[in-house]
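Only a predicted model underlies this, so the values are computations on that prediction, with no experimental measurement involved.
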Amino acid sequence: MTTQELISAHSNEANLGQEEFAWLLFGIHDKTHAVLGSSYKPTRPSLDALKREIAEGTNCGITFTEIHEIMYQGKRVIMFQIPAVPKGIPTSYKGYYYGRDGESLSKAY
């Protein structure tokens, strides 16, 4: 699964859960929540380029509300704040609609 697919899924799931936004974190262990740190997209320009790529690939131009980079105990954590899609308009990425199925990602056409 790609970051772009995860953005579509999180945006759709936030809508279904009636949340204003969802979070995608890099640098945190999924199960233990231990801070591991991340070297994903190590520069701000590379993160901003991802923001543009997401907007260009989604059906409604959705992208991150904000990308937060923090240092915690000397380890870099990236937090993507993803807005929920408008009610009744699911987010697709390059023609596919993504959602979560437990720990897995599923897609529909």
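- When all heavy atoms of E19 and A84 are compared, the pair lying nearest together is O-CB, 3.2 Å.
- In terms of hydrophobic clustering, with Ile, Leu, Val, Met, Phe, Trp and Tyr side chains grouped at heavy-atom distances under 4.5 Å, I89 and I54 are assigned to different clusters.
- Ring geometry for F80 against F26 counts as perpendicular: the plane angle is over 60°, on a 0 to 90° scale with 30° as the lower cut.
- Side-chain polar atoms of S8 and S11 form no donor-acceptor pair below 3.5 angstrom.
- In this structure, the separation between CG on D30 and NE2 on H33 is 7.5 Å, given to the nearest 0.5 Å.
- Between L50 and F64 there is a side-chain heavy-atom pair separated by less than 4.5 Å.
- Taken from CD1 in I7 to OH in Y93, the straight-line distance is 10.0 Å, to the nearest 0.5 Å.
- A donor-acceptor contact shorter than 3.5 Å links the side chain of S46 to the backbone of T43.
- Summarising the geometry, atom CD belonging to E66 is positioned 5.0 Å from atom NE2 belonging to H68; distances are rounded to the nearest 0.5 Å.
- Inspection of the Y98 and E5 side chains reveals an N or O donor paired with an N or O acceptor under 3.5 Å.
- Pairing each heavy atom of E13 with each of G99, the nearest pair is OE2-CA, 3.6 Å.
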For a side chain to side chain contact (heavy atoms under 4.5 Å, CB included) check, start with the C-alpha distance between I28 and V77, then their side-chain angles and the critical distance, and finish with the verdict. CA-CA 7 Å; I28 305 291; V77 175; 4.0 Å; yes

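- L36 and L6 fall into different hydrophobic clusters, where Ile, Leu, Val, Met, Phe, Trp and Tyr are joined by side-chain heavy atoms under 4.5 Å apart, directly or via other members.
- Counting non-hydrogen atoms of neighbouring residues, nucleotides and ligands closer than 6.0 angstrom, the OH atom of Y40 exceeds 12 such neighbours.
- Nearest heavy atoms, N59 versus S92: OD1-N, 2.8 Å.
- Note that CG of L47 is 5.0 Å distant from CD1 of I67, once rounded to the nearest 0.5 Å.
- One finds the CD atom of Q4 at 10.0 Å from the OG1 atom of T63 (value rounded to the nearest 0.5 Å).
- A distance-only check finds a donor-acceptor pair linking the side chain of R76 to the backbone of S38 [under 3.5 Å].
- Comment: D48 engages R44 in a salt bridge, judged by a side-chain N to carboxylate O separation of less than 4.0 angstrom.
- Considering CE of M79 and CG of L25, their distance stands at 6.0 Å, rounded to 0.5 Å.
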Apply the test side chain to side chain contact (heavy atoms under 4.5 Å, CB included) to residues N12 and V85: give CA-CA distance (whole Å), side-chain angles for both, the deciding distance (0.1 Å), then the verdict. CA-CA 6 Å; N12 292 329; V85 295; 3.9 Å; yes

